[in-house]
Amino acid sequence: MIIGMTVGAEYVRKSFTVQSDLWGEVEKLVGGGNQSAYIARALQRQVERDRLDLLLADLESANGPVTAEEIDAIERETV
């Protein structure tokens, strides 16, 4: 059983090169825990952000950029 990873999912084994100081931070956070699960969650969040960026770019392409006035109006509505 792989702790912290989705049961029944298919996995691939890959090799990555990471800056040593960044990996040191991962080790501080995860310690001897499941580093693969930590990296998988980080990759999933990045994929979600990248997909959102693509969606926003498509919306801007179709509708034009959001203006400062529109942002201000939305912020006033949410307060």
Side-chain angles (χ1 to χ4, degrees):
M1 180 171 141
I2 300 174
I3 298 172
M5 299 183 99
T6 306
V7 175
E10 292 185 31
Y11 297 93
V12 295
R13 183 177 296 270
K14 297 291 179 182
S15 174
F16 299 94
T17 302
V18 180
Q19 293 173 310
S20 60
D21 58 337
L22 177 58
W23 189 251
E25 291 297 319
V26 170
E27 288 181 323
K28 285 179 194 174
L29 293 167
V30 180
N34 193 335
Q35 294 166 345
S36 292
Y38 183 88
I39 299 302
R41 286 190 307 270
L43 287 172
Q44 182 61 44
R45 283 191 302 271
Q46 187 61 49
V47 166
E48 290 167 0
R49 288 177 179 155
D50 291 347
R51 287 181 176 162
L52 181 57
D53 286 344
L54 291 172
L55 174 62
L56 292 173
D58 285 347
L59 290 171
E60 259 195 2
S61 176
N63 301 302
V66 178
T67 66
E69 293 80 19
E70 291 169 323
I71 293 172
D72 289 342
I74 290 169
E75 288 176 345
R76 283 192 303 275
E77 289 176 10
T78 59
V79 174

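Count residues from 1 along the sequence. This one's a predicted model, so the numbers in the text were calculated from it and none came from an experiment.
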Open item on the list: A quick test of your reading: do over 12 heavy atoms of other residues, nucleotides or ligands sit less than 6.0 Å from CD of Q19?
Closed with: no
Task: R13 CZ to S36 OG distance, which is reported to the nearest 0.5 Å - done: 7.5 Å
- [ ] Would you mind listing the cluster partners of L52? Hydrophobic ones only (ILVMFWY), side-chain contacts under 4.5 Å, chaining allowed.
- [x] L55, L56, L59
Open item on the list: Under the rule for side-chain contact (heavy atoms from CB on, under 4.5 Å), what residues qualify as partners of R76, not counting sequence neighbours?
Closed with: D72, A73
Open item on the list: So which atom in L29 and which in Y38 form the shortest heavy-atom distance, rounded to 0.1 Å?
Closed with: CD1-OH, 3.3 Å
- [ ] Provide the full list of salt bridge (charged side-chain N to carboxylate O under 4.0 Å, His left out) pairs with a residue in residues 21-31, sequence neighbours left out, each pair given once.
- [x] E25-K28
Task: Euclidean distance, R49 CZ relative to R45 CZ, rounded to 0.5 Å - done: 7.0 Å
Task: Common cluster, I74/V66, ILVMFWY with side-chain heavy-atom separation under 4.5 Å - done: no
Task: Distance in Å, Q46 CD paired with D53 CG, rounded so as to fall on 0.5 Å steps - done: 8.0 Å
